[in-house]
Structure formats: C-alpha cells, structure tokens
Amino acid sequence: MILESARNFCKDTSPIEQVRELLESSQGYEDGVWKQLVGLGWTGIAIPERFGGSELGIEAVVPIVESMGRSLSATPFISCTLAAQVLLRAASPEQQQRWLPKIVEGQVATLALLDNEDWGANSTSHQLSDALVLTGEKWFVDDAVTAELFIILTQYQGSPRFVVVERNQLADTAIQAHALIDETKRSAKVDFTGVSVTADAMLSAKNTDKILGECKLMGALLVAAEAVGTTASCLNLIIEYLNTRKQFGKLIGSYQALKHPSVEILNKMEGARSQIYHAATLFEDSQGVIDRDVEVACRMAKASANDTLLYAGDRAVQFHGGMGFTYECNAQLYIRRAQWSQQQFGDSAHHRKRLAPLLLG
Amino acid sequence: MNHKAPIIFNTIGLGWAGPLILKMGTEAENQKYIKGILTADDIWCQGFSEPDNGSDLGNAQTRAVREGDEYVLNGSKIWTTHGTYAKYMILLARTNPEAKNKYAGLSFFLSPMHAPGITTSPIRKITGEYGFTQTFFDEARIPAECLMGQEGQGWMIAMQTLQFERSVDGGQATKYNFKSITSADLIETCRTIQRDGKPLLEDPVVQDQLVQFIMEERNFLLNLKRSELNALCTDYPMSLMLSGKLEATELFRRMRQYAVSLQGAKGGLYIHDDEALNGGIWQHAYFNIFSATIGGGTSQVQNNIIAEHALQRRAKDDFGKRTQLLQGYIAHRTG
C-alpha cells in the first residue's frame, strides 16, 4: 500500500534531526533522498506510462504528500507533480514528450504563478511581448533554486498563457530566495525579465483559465494532504509532552484544560483526513476530470486541513510552556509550517467563499 | 421538517435493549423480549444514571439484594425516558458493595416496571415538556431470573449497552440525529428570513458560517465511511468510533443555536406562538439537543475518554489504569 511504504520511507529519510539540519541549507533537501524517491517511481506516479510514469492519478499522490508532511520532509515533489499536471493539460504531445520524461527522471520542475499575494486572482501583470520576450518577476516560485523547468503564468496579447523557461535561460542573479516563515520550505522571487521564449515553449492558448483553476485545486488538495500529515506528527509531539511533563506533582496530560483541546486537534484531524481521502477517491472515480464534486472536495479538504494544522501548531507551542517559546523546541517547526501551508493555494476563508455558491446556490 | 421528531418511540427498546439482548442474552431472554420490542407492545426504559451518580456511572448505588427467588431493589434512577409508559427497564444495580472495586459490584437486570415498590415521578424538561421520570425502588421485588448474565457482570454489560447508545454500533446518538435536522434544513430556513431587507442567505457572513457547518457535517459522514477502512485509521484506531457521539451532538448543538440566533426578532418566540418560525422547531430542537450532549455520557466525559485513548496510544502508563470505561469499550470492540 502506498500510504504505508510512503510513511516508512519518509520516516527513515527525514528524521527530525535531519529536518533540523536542513533548515539552513540552500535547497532544503538532500539530493540523495530525492534520487531514492525518484528511484521509487514517485515523480512519475501521476504521469502516463508513455512518458515513463506509472499512470496513477492525483489520488496516488495524496498519501505520499501526507507522509512527507508527517515527517516535515521538504522535497520539490509537490512542485514537480503540479508542473507535470499543467503540462499534461496544456502542452502539445511534442512538448509533453520533451519535458515529462525528464520530470519522471527527477528533473525538478516548478510553477511560477503569483506576482503578488493574491491567490484569488487569475490575472497576472507578467508579460510576454509580441517579440516573445518576458517582462516581470514571479513570487513564491517553490524550489526555484534547484528547478530546471519553470512553468510561468504570463500574459500574451491580452490573454493569460503558460510558457516554459529552462534554468539555463536565467541569469544566476534572477533567483532570489524568499525568507520564509517555514524554514523547512524553499521558495524564491524569480525575475524573468529579458528572457526570450521560443514559440515551442509556449503552451496551448486554449483553456488557460480553466487549467490554472484546476492546477490551484490540485495544489490545494496536495497541500491539504501534506498539512494533515504534519498535524499528525504535531499531535504526537503534544501527546509525548503531555505524557512526560509533570507539574503540581502530576503529568500535565491529566489536566482537562490540556486534554480536551488535544482531543479537538485529534477530531479535527480525523475530519480533515477523511476529506483528503474523499477528494482523492473522487479524483480516482472521475479519472482526473475536475467536476463540481471534485472542486467541492478539494476546497473542503484545504479549508479543513488549514484550520486543523493552525490550531495544532498554535496549541503545540502553548502547551510546551516556556520551552514552547524557544527555537529549540520542535513546536516551532509546526507553528511555522501551519502559517506557510494555510496560504498555499488559498487560505480557509478563500475556499469557503468559493464553496458558498457551490453549496448554497 | 416538522415531522422530524427528536426521538422515536421505544428508542431504548429498539436501539439499545433489543440489540443487547440479541447480542448477549440467553435463548430464553430472546424468546421472552424481542418480539414485544419489535411490535412496540413492550416499551423499554433505561435505569443507569442516579441523582448522585451521573457521569460517574460506575459508582451507581441502587441496591439489589438476592432473597430466595427474588431480588429486592432499593434506591432511585433518574432521567428515565418513557419511565411512565415502560413495561421493562434495563437496570444497573449494586449486588455487592464489598466487591474489590466499584465496577465489580454491579449487576445488570432486565427488570419489570410494574411491580410493587416501583414508582415513577415525572420530570419537566428544559423544553417545558414532560418526557422522562425519576424512578424509585422501595423494597421492590423482582424475579431472580431478571438478572442478565452473572452477578458482577453489570458494568461489562452496561458498557456494551453504551456502545449502542453512543452509536458506536449504529444507534441513535449520531446516525439518527443526522436524519433529524441537517444543514439543508438550515439553508432552507435562511431563505425565508429577512436581514437588512434581503434574504438572509445572501449575507456573506451567514454564508461563511453555513459552509463551515456543511463541512463539519460532511466530515462526520466521511468519518463514518472511513471508519470501515482499517488501513486508513492506523494512527488512533479507536478515535473515529469514540468521537462520533461527541462530534455529532456538539455540531448539532451549535447548528441549532445558530439557527435561533439568525431569526432576528423571531428568535425570541417559542413553540405555541403563531408567529414563531417553523413553529419554533429550532428553539425546541436547540433545547432538546442537550439531551444528547449530556445523555449517554456528557461531551466533557467523552472528551476524557478520547483523550485517554490518544494518550494511551502514545505511552503505557498510569493513564491506562484509570480508564476502565475505555477498557470496557475496547474489550467489547475486540472481544
């Protein structure tokens, strides 16, 4: 079963000491771990067999990212998965043949969607001129430091358009790492100004808005799955402490003021976990077609997972008392991850706002 | 919506006593009781809680003393739903006050209600209605064959009953409630109410809250499905089962309270007022839901049970020894 093997792999390759060690590294993960992960076939799991993948869908990616979240393992796996999904939807067969096998083999690909803080807008100020030269920065380009392929949302002749830029087209100074609240993650500001794009690096002009929307929904689901995994280990951290720390002569886990919120974390987590598996199941049933039900499920999954991890991270710090206020205490890893994750592909209010017309219409 | 009554008649017979007898009763008990439960000729009630022993059910003090072919009952039970109508009671009573611990002194009876020395006194509920009673036992004599199982097995059998009651095995506290009033009813209600001169459903603040309720409702329903897939419940294998009652009843309490809050001035009306929204059903349902957040183990006790399960999973220490209630659950779930 994917869930079990993914969980074991992440547990073995990303113990908490390793997570700590990587906090200050530039790329945030070890090449060796990435190679192993590629060797397991995960980078091709949702890519068709004709490109070397195993042709499972997003549903098979969910348990993997959940396991990564559990171990706070930061690899470019989500970036690569989403980039491949955009190529599968917007690239020509020739373009797919050119890039997808490389992604399967472990070349890092990433998306460059935002040029401000707004996950709700589908427009971009980024420009591709008639002469096919790019102008503008992209923000929050995940894993940009190691990425070989950048799939950029730009504006061409008044319409949104995806274009692909390869790493060797960029100057070294084009990539400026963001200082992230979550130090396990890597994301950067990338300036594409002056880069010339060849016509065969432009993806289809059709359905860009729709594909962008689908990409954001898949992103929301994957980040939700990751957050559910992270919540599980955050809850474990809390429970370990409740079972070892004594005050007033008793284990602090015997106090209801700590027990009951811990149960609330557990119950919220169980709900969010059901949501991500439900969304994954719908993806499988629809064979990747994103209909209304899939959209509802992805949005609910993200909103539930956001709120759950935010609460868990927040309580993890509080329940560790003075230790919780220190950088040394691992609670900080969770509260920081929670703030980061909630913003990726939309916070809870963003999704609830979009659920309202779908559910209350 | 008006026909979605909060409780079905003979719910204790159909939901708890019947399944219990089917699962643990003798052939003779099955023959004697099951048909009457199914035809609703025999209404059942439950004698667990006492005025002084509610959440701490294991401390129940109603006495049952064996004298020849009879047991002599003394004491009092409370919150006896259908106490006035019931022909039988599932009764938890103390047969041995000297037992090695409070749980081991309890026994379980399928007791008649119509016996000299058993009287009931109606209790008025928060809704203003009557529905349950306090039941008094004053030198009441019942046949010795009313004992279910052996003396001393009362706690074990009571825990099995609570599994039915808390809907672990599909009883009323969760699944049934989902048939009563749902988010869909709440949405319909929001269409009919005016706020700021417009239908309430157009208010974005209200929309956001409704979406949250729908999500929580779906969480619960999806949890039910997932609880059947063991491979997806490995972290805390019992948690979905243990949390169902807590999550469902608390969600319904909050939803119903919200439904009263959003009625504008009409929220101040109660059943029997001609202008009350939907006959005041939300107000009534809100008050009534406390029977579910308190009955069958309060939400606070449920929280303790789940916490101890979670804590036990992470460490085998003193917590385990104190959580006999939970162990009762586990024994029956796995046994």
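The sequence lines fix the lettering, A, B, ..., with proteins before strands; numbering per chain opens at 1. Bear in mind that the values here come from a model prediction, so they are computed numbers and not experimental data.
Looking at A/L266, the atoms closer than 4.5 Å to chain B (heavy atoms on both sides) all sit in the side chain, from C-beta outward. For B/Q207, the parts lying under 4.5 angstrom from a heavy atom of chain A are both the backbone and the side chain. In this structure, chain A has no heavy atom under 4.5 Å from any part of B/L229. Only the side chain of A/R7 comes within contact range of chain B, judged by heavy atoms closer than 4.5 Å. Contact of B/A231 with chain A is made through backbone and side chain together, with heavy-atom distances under 4.5 Å. Proximity to chain B (any heavy atom under 4.5 Å) is shown, for A/L355, by both the backbone and the side chain.
Side-chain contact between A/N267 and B/N223 is absent, with no heavy atoms from C-beta onward closer than 4.5 Å. For the pair B/D235/A/R273, a side-chain contact is recorded, criterion being any heavy-atom separation below 4.5 Å from C-beta on. Residues A/S304 and B/M215 form a side-chain contact, since some pair of their non-hydrogen atoms from C-beta on lies under 4.5 Å apart. Looking at heavy atoms from C-beta onward, A/H278 lies out of side-chain contact with B/R226 at the 4.5 angstrom threshold. B/L222 is listed as a side-chain neighbour of A/Q275, based on a closest heavy-atom distance under 4.5 Å. With a 4.5 Å cut-off on side-chain heavy atoms, B/I214 and A/L360 count as touching.
Scanning all heavy atoms of the two residues, the minimum distance from B/Y236 to A/E270 falls at O-OE2, 4.0 Å.
Remark: A/Q287 CD is loosely packed, at most 12 non-hydrogen atoms of other residues, nucleotides or ligands lying under 6.0 Å away. Around NZ of B/K102, the count of heavy atoms belonging to other residues, nucleotides or ligands within 6.0 Å exceeds 12. The number of heavy atoms from other shown groups lying within 6.0 Å of CD (B/Q300) is above 12.
To the nearest 0.5 Å, the span separating CD1 on B/I306 from OG on A/S262 amounts to 11.5 Å.
Ranked by heavy-atom pairs under 4.5 Å with chain B, the list A/K353, A/H351, A/Q256, A/K268 is led by A/Q256.
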